[in-house]
Structures are given as C-alpha cells and as structure tokens.
2 protein chains.
Amino acid sequence: MAATQTARARVRAELTNEIVSAAREELASTGAAGLSLRAVARRLEMVPSALYRYFPSRDALLTALIVEAYEAVGMAAADADGRSGRNPADRWNAVCTAVRGWGHDHPNEWALVYGSPVPGYQAPQDTVEAALKVTRVIAGIFADAIPSGTPAPGRLPAAPDTMAAVVGPIEAELLPGRPPEAVAWVVMAWTGLIGMVSLELFGHYEGATTDFQQVFAYNMGALGHLAGVG
Amino acid sequence: MAATQTARARVRAELTNEIVSAAREELASTGAAGLSLRAVARRLEMVPSALYRYFPSRDALLTALIVEAYEAVGMAAADADGRSGRNPADRWNAVCTAVRGWGHDHPNEWALVYGSPVPGYQAPQDTVEAALKVTRVIAGIFADAIPSGTPAPGRLPAAPDTMAAVVGPIEAELLPGRPPEAVAWVVMAWTGLIGMVSLELFGHYEGATTDFQQVFAYNMGALGHLAGVG
DNA sequence: GTCTATAACAAGATAGAC
DNA sequence: GTCTATCTTGTTATAGAC
C-alpha cells in the first residue's frame, strides 16, 4: 500500500505542477483578472471539473500562482545576494538588478503579486509569508550594513519619538536594534525598488528618459547609500 | 439653428457625463478588468448599443475614465499645493498627503491608473498628457526649491557623466537647468509617493506597522528633504 | 440628422442532467 | 467525464422615432 500511495502521490504532485504551469502560461497571455479554470483545463486538454480534484476553486489556483511568483522573486533576490560578495552596496545593487530583471522576464506574474489586487480574491496567510522572502533578503543586507545599536544615520532627518513604537513590528522581525529612522528608510528602499519596477513595467516612464536602466541604477544606489549601505 | 445645436450638444454632453459616472460606479464595485459596457448600460436603463453613440468602444469609455481619474488626482495635488503657502517643504508635504488621501477615497480609480494595465487595453496619447498633471505639480515644487544652475545637492551621490543626457527629456520639460542628480531624484520622489500609496492600497504593508500614516509622512519628508526641499 | 431599440453574431462562461 | 441548454460579453446591422 505504501508504494501505491507514494506512486499515486507522485503522479498527483506531477499533475498539480502541470496545472500550475498551464495556469502560469494562461496568466502570461490573458492577465490575472481574466484567468479562468476552464482555459487552464483546455490548455491541458482536460475537462474543467477534473481540475477541482486538484484545486478546490479558482482562488486556490490563484494562491498557488501567487506563492510561486513570490518565491521566484525571492529566490532571484537571494541568489543575486549570495553571488555578490560581502560589500553591502554591491549586494543591494545586485538584488535591485535581479528583482528588476525578474520583473522584466515575468511581467504578468509581477502584476499578479505587486499590481492591483484581483477583484474578489482574498489573500490567505500563505501568500503573506511568501511575500516576505524578498523583504528578508533586503532587510538582511541593511542589517549587516547598519550595526545594531548605532545612532540614526546623519543623512536622514530625525524621526519623532513616537516612530520607534510605530515601526516596532518591522524592527523586531527584520532589523532588531536598529534606529527607527533606519527602519523607516529600509521600508522606503524596499518601496522604491518595488515601486520603480512596477511603474516601469506598467508603462509610466515611457518617453521620460533615454536609458531607464541608468536612472534606476542611480536612484537605487542613492536610496541604498542614504540608508547606510556604501 | 445655433440654439438647437447647442441644446442638443448640451443634452449630449450631459448624457456623456452620466455614462462616465455610471461607469465610475461600476468600476468601484467590479474593478477595472471586469468593467463591461452592458453593465454600464443596465445601470442607466439603456440598451447597450445606445452607448455606441457616445463611445465608439469599451476602450474609449475606459480612456475617459482614466483621463478623468488622472485629472482628479492632479487637481487634488494642485489644490493642496495652492493652499499650502510658499515653503517648498510644506508644499511637498501637502501634495503627498493630498495624493494619498485621494487614493484612499478612490481606491479603484487609483488601481485603474497606477495599478496593473488592463489586459488588451492600449493607452492613447490623451492619457499620457493627463498623467503628467501630478508630475507637473511635484516638479514645480522642486523647481522652486532648487535654483536653476545650482550644483548637485551634496546629500545625493554624484551621477555619472552620461546621466545628464539620459534625463534630458525630463530636465527640458519639467526641471530646466537643474543638475542631473536632482532630476533623477525628483523622479525618485515621484516614484516613492506613487509607489508607497500603491503598495499601501494594494495591501502590502498590512501588519507591518501600527501607524502607517506616520511612516508615510516621515519617508515622504525624508525623500523631499534629500531632494533639496526643506 | 440624431438618437434609441430590436435583433443578431461569435465568443466564452456556467449549471445541471446524464 | 460528457453533453446540452442557458447565460454572459463586445460589437454590428437594421429599423424606426423625434
């Protein structure tokens, strides 16, 4: 029985993967909002109802796609970080480039996770944890660059006394012992990275510059520098 | 004849507005991707084909909505700027608050313009011009704060020599005579503002902080300060 | 001329019987 | 798993009212 079980389980896992792959292809052609279980089934030459054995609803399939996308960006970021030596500025630069590169290679998956929320879809907790992967990589770089217990970096304006409590959750989880200005500014660095790639992919810099890549590199560099990296 | 003409034109303009309003209401409930001509017609108790007298296609209606949204944020930004005195730091702060406030009041319209592109929709030139409204307000504040011909602000890292040409289009149009570092960083300020509101509205800061408004205020303040405002 | 309504089309989604 | 009947969608052709 054990052998049968595992064989069945293996086939099941394989098919589950195939379904997610087909859904990913669908996503690439139709966008997130128009993703339908039926289209995925058609692509696999299966009947729609058969998919329900593997995913109880369209939302469950969507969740799988979202988690997969978050893990892929997170992996791209972590890989780039790992390959880039020990200098925090280099690491931050490498991560920015990798995240942007991933976005360019997977624009629809990027839109799925960082774009408008899909109407009617409620994100379960799994996706929140997966989303943290990139954040952890980024926070790790800044945590290494800013020694614990240092005063606020002089380049940044002083934060009000209340800020420490406000950013407490992030500090405790990702940047223990770092000053509130630094914590807030790491949030800004993350926001700047995701925001800039989003606005680029969504077409908002069209015609604004002759070489966007260079503006991106400069701005990410400045963002990191001001936070204490390099 | 002139009277008849204008009477007809007035009625026509009124109905056009009513259609856009109905579409806006539809948008609020179903989201951008699910916006259907038929649903708009139903809401107005008209027959779908009648709408084609006013808008040649669903995309044209979408364009009208997008332009309207861009103009509304732009107006909110310009109003806040106008009411906030002459101090650039106050003006930048007021604009950030106003833009964020508009986003909170109109989350679906925000997603329509700054979120994922609607699949299959090609933005015409009208939307690009409308999108520039907020940008012009922001650039105006920084242009007033950074005198023309000044050297690069010392707080920002120096840009490579090639940057001047790269950001030339923005410089010429919005920040004539300002150094490339400043131009790039104004792009960053704009990106930070739009990015932070987007990620907030799309739920990416959920649980991260006890008072997001404060983090927002601090980060926007720092972004502006570093660019030379305040 | 200007508008609205009816009807139809090809897609595609959905529900349910078998 | 299959089949069918019924529902959407954007869009057009056509006919008639003002």
Side-chain angles (χ1 to χ4, degrees), chain A residues 8 11-12 14-16 18-19 22-65 108 112 116 118-121, chain B residues 1-67 108 111-112 116-124 126-127:
Chain A
R8 239 211 283 277
V11 171
R12 187 184 166 82
E14 250 167 49
L15 229 172
T16 307
E18 267 179 62
I19 294 171
R24 204 185 316 114
E25 288 166 32
E26 258 299 299
L27 181 71
S29 63
T30 64
L35 187 120
S36 83
L37 262 184
R38 295 185 99 89
V40 176
R42 214 175 307 130
R43 194 175 278 268
L44 288 163
E45 296 183 325
M46 288 172 82
V47 87
S49 54
L51 288 189
Y52 283 90
R53 290 203 149 266
Y54 300 87
F55 293 95
S57 66
R58 188 198 75 133
D59 281 11
L61 180 53
L62 237 132
T63 298
L65 277 174
N108 285 84
L112 177 65
S116 332
V118 180
Y121 174 77
Chain B
M1 314 298 160
T4 318
Q5 270 284 353
T6 49
R8 240 211 283 275
R10 211 192 52 240
V11 170
R12 188 185 164 80
E14 248 168 50
L15 229 173
T16 307
N17 276 336
E18 267 180 62
I19 293 171
V20 177
S21 291
R24 203 185 317 113
E25 287 166 32
E26 260 298 300
L27 181 72
S29 63
T30 64
L35 187 122
S36 85
L37 255 188
R38 295 186 103 98
V40 175
R42 223 174 297 133
R43 194 177 279 268
L44 289 163
E45 295 182 327
M46 288 172 83
V47 85
S49 59
L51 290 189
Y52 281 84
R53 278 282 144 191
Y54 301 87
F55 294 94
S57 68
R58 191 199 77 129
D59 281 10
L61 180 54
L62 235 133
T63 298
L65 276 175
I66 291 174
V67 168
N108 284 82
L112 177 65
S116 331
V118 180
Y121 173 78
Q122 266 291 359
D126 315 20
T127 65

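Note that the structure is predicted; figures quoted are calculated from it, not measured. Side-chain atoms are counted along with the backbone in the values below, which use heavy atoms only and exclude waters and symmetry mates.
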Peer 1: Need one value for A/Leu37: base, sugar-phosphate or nothing, where a base atom within 4.0 Å counts as base even if backbone is also close, heavy atoms only.
Peer 2: nothing
Peer 1: Quickly work out the B/Asp59 CG to D/dT9 P distance and round it to whole Å.
Peer 2: 16 Å
Peer 1: Roughly, in whole Å, what's the span from CE in B/Met46 to C1' in C/dA5?
Peer 2: 11 Å
Peer 1: Which is true for A/Ala50 with a 4.0 Å heavy-atom rule: it touches a base, it touches only sugar-phosphate, or it touches nothing?
Peer 2: sugar-phosphate
Peer 1: Can a side chain N or O of A/Tyr52 be found less than 4.0 Å away from OP1 or OP2 on C/dT14?
Peer 2: no
Peer 1: Out of C/dC3, D/dG10, C/dA13, which has the shortest distance to the side chain of B/Ser36?
Peer 2: D/dG10
Peer 1: What about A/Arg38: does its side chain form a donor-acceptor pair under 3.5 Å with the base of C/dG12?
Peer 2: no
Peer 1: If I take atom CG in residue A/Leu35 and atom C1' in nucleotide C/dG12, what distance separates them, rounded to the nearest angstrom?
Peer 2: 14 Å
Peer 1: Counting only side-chain N and O atoms of B/Arg58, is one of them less than 4.0 Å from OP1 or OP2 of D/dT9?
Peer 2: no
Peer 1: With the side chain counted from C-beta on, respond yes when B/Thr30 and B/Asn108 share a heavy-atom pair under 4.5 Å apart, and no when they do not.
Peer 2: no
Peer 1: Less than 4.5 Å apart, side chain to side chain, heavy atoms only: is that true for B/Pro124 and B/Thr127?
Peer 2: yes
Peer 1: To the nearest Å, how far apart are B/Arg53 CZ and C/dT6 P?
Peer 2: 16 Å
Peer 1: What is the distance, rounded to the nearest whole Å, between atom OH of B/Tyr121 and atom P of D/dG10?
Peer 2: 15 Å
Peer 1: Do A/Val118 and A/Arg58 touch side chain to side chain, with heavy atoms closer than 4.5 Å?
Peer 2: yes
Peer 1: Rounding to a whole Å, what distance do you find between B/Leu51:CG and C/dT6:P?
Peer 2: 15 Å
Peer 1: Within the structure shown, what part of the strands sits under 4.0 Å from A/Ser49 by heavy-atom distance: base, sugar-phosphate, or nothing?
Peer 2: base
Peer 1: Rounded to the nearest Å, what distance is computed from the CZ atom of residue B/Arg8 to the P atom of nucleotide C/dT4?
Peer 2: 12 Å
Peer 1: Categorize B/Leu61 for me: base, sugar-phosphate, or nothing, with a 4.0 angstrom heavy-atom threshold over every strand shown.
Peer 2: nothing
Peer 1: Does a side-chain N or O of A/Arg42 approach OP1 or OP2 of C/dA13 to a distance below 4.0 Å, or not?
Peer 2: yes
Peer 1: Measure the shortest side-chain to side-chain distance between B/Leu37 and B/Phe55 over non-hydrogen atoms and say whether it is less than 4.5 angstrom.
Peer 2: no
Peer 1: Can you tell me how far C1' of D/dT9 sits from CD of B/Glu26, to the nearest Å?
Peer 2: 13 Å
Peer 1: Quick check for you: to the nearest 0.5 Å, what is the distance between A/Leu62 atom CG and A/Leu27 atom CG?
Peer 2: 8.0 Å
